[in-house]
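What follows is one structure encoded as structure tokens, with my remarks underneath.
In what follows, every chain begins at residue 1, and chains take the letters A, B, ... in the order their sequences are listed. These numbers come from the heavy atoms of this one structure, side chains and all, not from hydrogens, waters or symmetry mates.
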There are 4 protein chains.
Amino acid sequence: MRSLEVKNRTSAEEIKSLRLITAVKTPYLPDGRFDLEAYDALMNMQIMNGVEGVIVGGTTGEGHLMSWDEHIMLIGHTVNCFGGSIKVIGNTGSNSTREAIHATEQGFAVGMHAALHINPYYGKTSLEGLVSHFEAVLSMGPTIVYNVPSRTGQDIPPSVIHTVSQSANMAGVKECVGNDRIKEYTDEGVVVWSGNDDQCHDARWGYGATGVISVTSNLVPGLMRELMFGGKNTCLNKKLMPLIEWLFREPNPIGLNTALAQLGVVRPIFRLPYVPLSLAKRVEFVEIVKQLGRENFVGERDVQVLDDDEFILVGRY
Amino acid sequence: MRSLEVKNRTSAEEIKSLRLITAVKTPYLPDGRFDLEAYDALMNMQIMNGVEGVIVGGTTGEGHLMSWDEHIMLIGHTVNCFGGSIKVIGNTGSNSTREAIHATEQGFAVGMHAALHINPYYGKTSLEGLVSHFEAVLSMGPTIVYNVPSRTGQDIPPSVIHTVSQSANMAGVKECVGNDRIKEYTDEGVVVWSGNDDQCHDARWGYGATGVISVTSNLVPGLMRELMFGGKNTCLNKKLMPLIEWLFREPNPIGLNTALAQLGVVRPIFRLPYVPLSLAKRVEFVEIVKQLGRENFVGERDVQVLDDDEFILVGRY
Amino acid sequence: MRSLEVKNRTSAEEIKSLRLITAVKTPYLPDGRFDLEAYDALMNMQIMNGVEGVIVGGTTGEGHLMSWDEHIMLIGHTVNCFGGSIKVIGNTGSNSTREAIHATEQGFAVGMHAALHINPYYGKTSLEGLVSHFEAVLSMGPTIVYNVPSRTGQDIPPSVIHTVSQSANMAGVKECVGNDRIKEYTDEGVVVWSGNDDQCHDARWGYGATGVISVTSNLVPGLMRELMFGGKNTCLNKKLMPLIEWLFREPNPIGLNTALAQLGVVRPIFRLPYVPLSLAKRVEFVEIVKQLGRENFVGERDVQVLDDDEFILVGRY
Amino acid sequence: MRSLEVKNRTSAEEIKSLRLITAVKTPYLPDGRFDLEAYDALMNMQIMNGVEGVIVGGTTGEGHLMSWDEHIMLIGHTVNCFGGSIKVIGNTGSNSTREAIHATEQGFAVGMHAALHINPYYGKTSLEGLVSHFEAVLSMGPTIVYNVPSRTGQDIPPSVIHTVSQSANMAGVKECVGNDRIKEYTDEGVVVWSGNDDQCHDARWGYGATGVISVTSNLVPGLMRELMFGGKNTCLNKKLMPLIEWLFREPNPIGLNTALAQLGVVRPIFRLPYVPLSLAKRVEFVEIVKQLGRENFVGERDVQVLDDDEFILVGRY
């Protein structure tokens, strides 16, 4: 079902050069549908602050809470509106090979520049099964493979990465296992993005990582740009740590969702099973914003604590 | 769920000016999925021959045989690849208001320029219900309302058109009831496209129609361009009649599907319940092509009769 | 995907003997989901009053406003709760052969006793296409073919019925074209149910019809039972005419939906594009109920006119 | 959307008494659809050998590789055919609360006796989020909560179980963390099924577990019945260990799928990302069957090694 006409078709080489990619948040309306106006605003903030690519419907963007038609629509929308200014990487991975094939085919058809593929989480499979899964989608276009065993329950070992790296479409690995694993890959010429914001500075400047696929850059895109482009900067890295630690105290994107609502750039609406951080933690965030400087964060409103009853939790949507 | 960022956003006024719109054929692979390479080639032929807009997934494009995710993907694909050269009008209508709302929202989100909306066929409804149905989608963007009682079982009467025409998004009507009805509308300033290829010349030059939404232009886009732009031309119109009559002997798009396969521009694959025209009729088509001149038709291969067993009919896909 | 284990498996012969089949209404909750408690109550009223079969998700039951998973769920639910007391005929037809195949396979898997199949409405097809469409589903189980050209835009001619009647699964035809067409079939031994309540008495007693697939029996199941089982009864037939005429003044199921809400057996909730009958017509209905006798209608509450603002119209659900 | 009519409605108390529940395998046809004949045969083998309940579409049954309509259809089918002989527990859990709500509602509507609910795997959430997730579905009917951190990436801690146990619908926990955790629960009166076949004997006879939700019982239901009902039997437990160890060398259900194909009770068809065990391991299985006795396994054909090319792997279905 390939098309040769897709505009802005991107090569794996171009993807390999991206240093700052944001796993962008998906904002919602009170009935749980996408809030495209807020989304577009977030995208513009990313672009204006030097972010080079976005993961659409990643774990952070809650792709696992989307129907596939919503998901592909959001990829198509992002390509249409912002595809000339930023690389659009669709998270078309799944623990079902069928779904991954179908979504990836559709994602490339609507113009995404690259696909992000996870190994089959929860269901898991054998090493041979892992290779079969990735090979079923690699022929479709530039691909980033994503390893996050703390979510999937199964590490993608280097042997599997070596096998799939033989495909010309393989752009690289988003790796969350740590910087030693990253060094193992970069020593061999495999492109790697750190998937851990707290390690990404060291990964970039000390372990050969090309850059980061970041959650924190939703909030402070300019500072993350500086961290990835401005040379080794342990001072800035240290300054960011309280924010990063705060963000990941509960499973991501709970912290991010709460923070963006407090910053007034998205409505305080959560799709279950996510619920906002507690009042005490929200107070901490206000303090963190003051420390880092409001001007470094996205949005222009005063940061707010928000009352518990200002949040809307949506189960049916 | 509106976005203000969508590229190439088009006003209803721009849609009103289109004279030649093709209800483009959807070609298939042997397993029933879309053949995007063939589709892209068809689109390029349309653009090169002066067609100004396409209906994606219309009755001709077999939108009723698509899942909605396929349908929206095809709209997004068409916008991405050709949206700068041609207006993309998504047939996001349905006999279910819920489906029409959902699809129209998604179609505009991926960048379509206008929506085509049918009245609720098969299920039908009251006049109040018709108005409610159209009002549920009109706020989303430029809209063409489609009236074809021979398919829907229910005429959209002028009173309903008058009511919905109060919306600034209402671009006009695709009308199949005949040229007297067209005149009734154009006298009042309502923009109309003829939905009948055999009447469109007269509609354009004698009854005030803006143009045509055409099936025949899939095959002879240049001649249809001449018919809509070149001034009154009864000679050309008469010359086209044998082709048009041949095309509509069985319910559309049976004739079109058969013809495009014979011309070698799509594979001879049908999604059921459509089946190809008989051998005898396929022989007739070869003769028609000779009469009109192969060079006036799309594609570059010799026109073929094709054997019955060269056609593939797909039920599960 | 056949199963040989399905309980209460029914033969085409058993389906052929049913005289009174109700095209049962689907009631809704305020958010547009199914109101299963009201549905179950309706089903019990049908069973207690001698109705022998139900069409689930027919035109009357608004199958065209259901997602397929809702539709199959409702069939499965009906089989589970009432399949021992009444024949459950799933409307698993579609104008898309793919959808008809998929839904019919699923409907039989969850235990439905027979399928109702429409010809491809709106899209239409050739006679060969019609036969291919029906043959794609006939092997799956007992089947009733439904002909209603005023909705589909295309008559199923006797030649097609003769061809499909060669299948052992063909139970018969639901015919809306009129009693002459019915006689043509019954003279040849084809089983027919009248699809027009106003003609069903004559069809049954004068033209050889086996019975009726009825809308009116939702409201007055006992009287319709009498009409089909009690011998020729022009007096009762005449008495029912005002009700039947009232029911069909707007496209079905608008009248039925309004009436059941007025009788207090379903909530006054409409899925768009259906909207309730006007106040004037609702007043008429109260009068009709008085004339025929409240005790002949389903439910036990006083019949009400209802205010316009008591009705809820749902577009997103 | 509750129905009070559903047949064989089961109380949480009845669910609590089940000692042997099989997480039943879903067999496939060569095109990847369900093989209902093979499924029905498997179900009959389970019932005849004393299994009291089945998990439909569990991890073992590859619910994560099903579309939801397939999944609900299989639950409805199982209830229709076998619901009088065995308890049908639908795995209507999901990492998306929306999906869990929708599927659970549908599963109970088609008659399932209980739901199995996992915590949100991969996406994860906070403890408050876990409680919100389970509370969104607990009101619908009897529920088993499933804890398997090696797949989900997140342990359900006892505090969450205590909170959800306040619901009258909470039947108990399928626990994979180990027998100490099981003892903690059973000491407090919480019903637990072991989710680890290698620990279930000790769990049942030494740690208070009510029974097991088993994979191995697909293959040797009679022996597992003996293990759960026949009193402490370390000899039988030891005898089963080589089989159990073989089964779980690769992520389940890879071993089970391979074994059932070798036993000739399902076709050798795998939905990706699962692939069969290697030839060497298949040879081992033949030996294990000989050791335990062919007569203790399901099916009647000779156990086979099967060639690699006898297996069919399906990606699109």
What part of E62(C) gets within 4.5 angstrom of chain B, counting heavy atoms only: side chain, backbone, both, or neither? neither
Segment of S67(C) engaging chain B (4.5 angstrom heavy-atom cut-off): both
Can you tell me which of Q154(C), H102(C), R98(C) forms the most heavy-atom pairs within a distance under 4.5 Å of chain B? R98(C)
So, the part of N252(B) with a heavy atom under 4.5 Å from chain C: the answer is backbone
Between chain C and each of G123(B), G129(B), A136(B), count heavy-atom pairs under 4.5 Å; write down the option with the most. G123(B)
Strictly distance-based, threshold 3.5 Å: is any side-chain N or O of S126(C) a donor or acceptor partner for the main-chain N or O of E250(B)? no
Select, from R316(B), K124(B), E128(B), R249(B), the one with the greatest count of heavy-atom pairs under 4.5 Å involving chain C. K124(B)
From M66(B) CE over to E99(C) CD, what is the distance, rounded to the nearest 0.5 angstrom? 12.5 Å
Using heavy-atom distances under 4.5 Å, tell me whether E105(B) contacts chain C through its side chain, its backbone, both, or neither. side chain
Of the listed residues (P253(B), A100(B), G153(B)), which shares the most heavy-atom pairs with chain C below a 4.5 Å separation? G153(B)
Report the distance from atom OH of Y317(C) to atom CD1 of I101(B), rounding to the nearest 0.5 Å. 8.5 Å
Checking heavy atoms, do the side chain of L313(C), its backbone, both or neither come under 4.5 Å from chain B? neither
Mind checking the OG1-CZ spacing from T97(B) to R271(C)? Nearest 0.5 Å is all I need. 11.0 Å
Heavy-atom pairs under 4.5 Å with chain C: which of Y121(B), F134(B), F270(B) has the most? Y121(B)
Can you check whether Y122(B) reaches N95(C) side chain to side chain, under 4.5 Å on heavy atoms? no
Contact winner vs chain B - S96(C), P120(C), S278(C), G32(C), heavy-atom pairs under 4.5 Å: S96(C)
What part of L277(B) lies closer than 4.5 angstrom to a heavy atom of chain C: side chain, backbone, both or neither? neither
Find the distance between OG (S132(B)) and CG (L272(C)) and round it off to the nearest 0.5 Å. 6.0 Å
